[in-house]
> 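Starting off with a structure, shown below.
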Amino acid sequence: MVQLSVLTCLFGGLLGLLLLVPVLLAPTPPGMCTALRTINSNLSQRRKYMQHNFPINYTIRVHYEEVFKPSNISRLKLKINNLEMFALQRLWFHVNHGILKKILRVIPERHPSRRYGAELERRFRDAEGLFVQSHPSEAFQRELPEKVQEKLDRMTEHLDSVPASSWRFVPPKHLLDNFRRSMRCLFGECFSQVNPQVDLCGNSRSKKDGKVTQRQPQPPR
Ligand SMILES: *[C@@H]1O[C@H](CO)[C@@H](O)[C@H](O)[C@H]1NC(C)=O
Ligand SMILES: *[C@@H]1O[C@H](CO)[C@@H](O)[C@H](O)[C@H]1NC(C)=O
Ligand SMILES: *[C@@H]1O[C@H](CO)[C@@H](O)[C@H](O)[C@H]1NC(C)=O
């Protein structure tokens, strides 16, 4: 009997260790990848919910820093030596948390895009929770590189103190385009398996994102 319980303990312990190991080793925990992949697939409907359901040329007022694309990521990587992915991921969560809240704020309760926006926001918060859980809390107390911190500070500035020239007026779908592209760039491990030959941080649009060029048609001259 005693032996049996010892064995059970040992086995339980081993199992626990086995379960822990992948969590400790994986740079991005699998649960978070699942959450991000679900968001990514939900975003395939962004044109319908965040463009067709809105008035033509509808824009949302955002901070200059909230226009956050893969090109921003490359620029930051160039400017800052040894910039950690983790710092960029924190910035990404911060920026997009604000964006989803802003989008939701302009959608009335009974608008046909309300449920979509609310679900995206809820899934995003879950992913953010998993992101926080997957790093030791000290990691979040560590100082960010100055340039990254400056961006965070500017986004949290009180609205009244932000000069009008620092606002950008951006269609909600464009904000979600940036959201998706920068997510795929920063959490490449979660997405690269699907299509390894595509550079997820590339600034040139892949075929799938070809809409970008259609979106700003040049008037014939
Ligand atoms: C988001 O994706 C999940 C999982 O595939 C699905 O169950 C859900 O209906 C999707 N939501 C929207 C709004 O597309
Ligand atoms: C939308 O914006 C485009 C490009 O700026 C402009 O040509 C068009 O007239 C606008 N449409 C409406 C309905 O305001
Ligand atoms: C990203 O770059 C654009 C210019 O292309 C700039 O307006 C914006 O502030 C940058 N965003 C961040 C978060 O650095």
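Counting convention: from 1, in listed order, for ligands and their atoms alike.
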> Ring-plane angle category for F124 and H97, please: parallel below 30°, perpendicular beyond 60°, tilted otherwise.
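Perpendicular, since the angle between the ring planes exceeds 60°.
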> Determine the interplanar angle of the F187 and F93 rings, folded into 0 to 90°, and report it as parallel if under 30°, tilted if 30 to 60°, perpendicular if over 60°.
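The rings of F187 and F93 stand perpendicular, inter-plane angle above 60°.
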> State, to 0.1 Å, how close L176 and R46 come at their nearest heavy-atom pair, and which atoms those are.
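Minimum heavy-atom separation between L176 and R46: CB-CD, 3.9 Å.
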> May I ask you to decide if W92's main-chain N or O and N96's side chain share a donor-acceptor pair within less than 3.5 Å?
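Looks like yes, one N/O pair under 3.5 Å.
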> Using the ring of each side chain (for Trp, its six-membered ring), is F140 parallel, tilted or perpendicular to F131, with breaks at 30° and 60°?
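Perpendicular.
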> Using a strict cut-off of 4.0 Å, indicate which atoms of ligand 1 neighbour a heavy atom of T38.
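Heavy-atom distances to T38 below 4.0 Å select 2 (O), 3 (C), 4 (C).
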> Considering only the protein, which heavy-atom contact is closest to atom 14 (O) of ligand 1, and what is its distance?
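That would be Q45 OE1, 2.9 Å.
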> Starting from atom 13 (C) of ligand 2, what is the nearest protein heavy atom, named by residue and atom, and what distance separates them?
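Result for atom 13 (C) of ligand 2: I56 CG2, 3.8 Å.
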> Report yes if V95 has an N/O atom closer than 3.5 Å to an N/O atom of ligand 3; otherwise report no.
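Among all N and O atoms of V95, none is under 3.5 Å from an N or O of ligand 3.
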> Starting from atom 7 (O) of ligand 1, what is the nearest protein heavy atom, named by residue and atom, and what distance separates them?
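Closest protein heavy atom to atom 7 (O) of ligand 1: R123 NH2, 4.2 Å.
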> Considering non-hydrogen atoms of the protein only, which is the closest contact for atom 8 (C) of ligand 3, and what is the distance?
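Residue, atom and distance for the closest contact: Y64 O, 3.3 Å.
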> Specify the protein heavy atom at minimum distance from atom 12 (C) of ligand 2: its residue, its atom name, and the distance to 0.1 Å.
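The closest one turns out to be N57 ND2, 3.4 Å.
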> Atom 2 (O) of ligand 3: which protein heavy atom is closest, and how many Å away?
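The answer is N72 ND2, 2.2 Å.
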> Roughly how far, to the nearest 0.5 Å, is NZ of K69 from OG of S182?
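Nearest 0.5 Å value for the OG-NZ distance: 11.0 Å.
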> Does only the side chain of R75 get under 4.0 Å from ligand 3, or the backbone, or both, or neither? Count heavy atoms.
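Side chain only.
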> Please find the pair of heavy atoms, one from N42 and one from Y116, that lie closest to each other, and give the distance.
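Minimum heavy-atom separation between N42 and Y116: O-OH, 2.6 Å.
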> Quick one: look up the protein heavy atom nearest atom 10 (C) of ligand 1 and list residue, atom name and how far away it is.
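For atom 10 (C) of ligand 1, the nearest protein heavy atom comes out as N42 ND2, 2.6 Å.
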> Looking at atom 5 (O) of ligand 2, is any protein heavy atom nearer than 4.0 Å to it?
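Within 4.0 Å of atom 5 (O) of ligand 2, no protein heavy atoms are found.
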> Assign the ring pair F86 / H135 to parallel, tilted or perpendicular, where the plane angle (0 to 90°) is split at 30° and 60°.
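Tilted, since the angle between the ring planes falls between 30° and 60°.
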> For K151, is at least one N or O under 3.5 Å away from an N or O on ligand 3?
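It does: an N or O of K151 is found under 3.5 Å from an N or O of ligand 3.
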> Please write down residue, atom name and distance for the protein heavy atom closest to atom 9 (O) of ligand 1.
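Going by distance alone, atom 9 (O) of ligand 1 is nearest to E119 OE2, 4.3 Å.
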> With only distance considered, is S71 within less than 3.5 Å of ligand 3 through an N or O on each side?
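Not met; the criterion fails.
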> Is atom CZ of R115 surrounded by more than 12 heavy atoms (other residues, nucleotides or ligands) closer than 6.0 Å?
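Counting neighbours around CZ of R115, 12 or fewer heavy atoms of other residues, nucleotides or ligands fall under 6.0 Å, so no.
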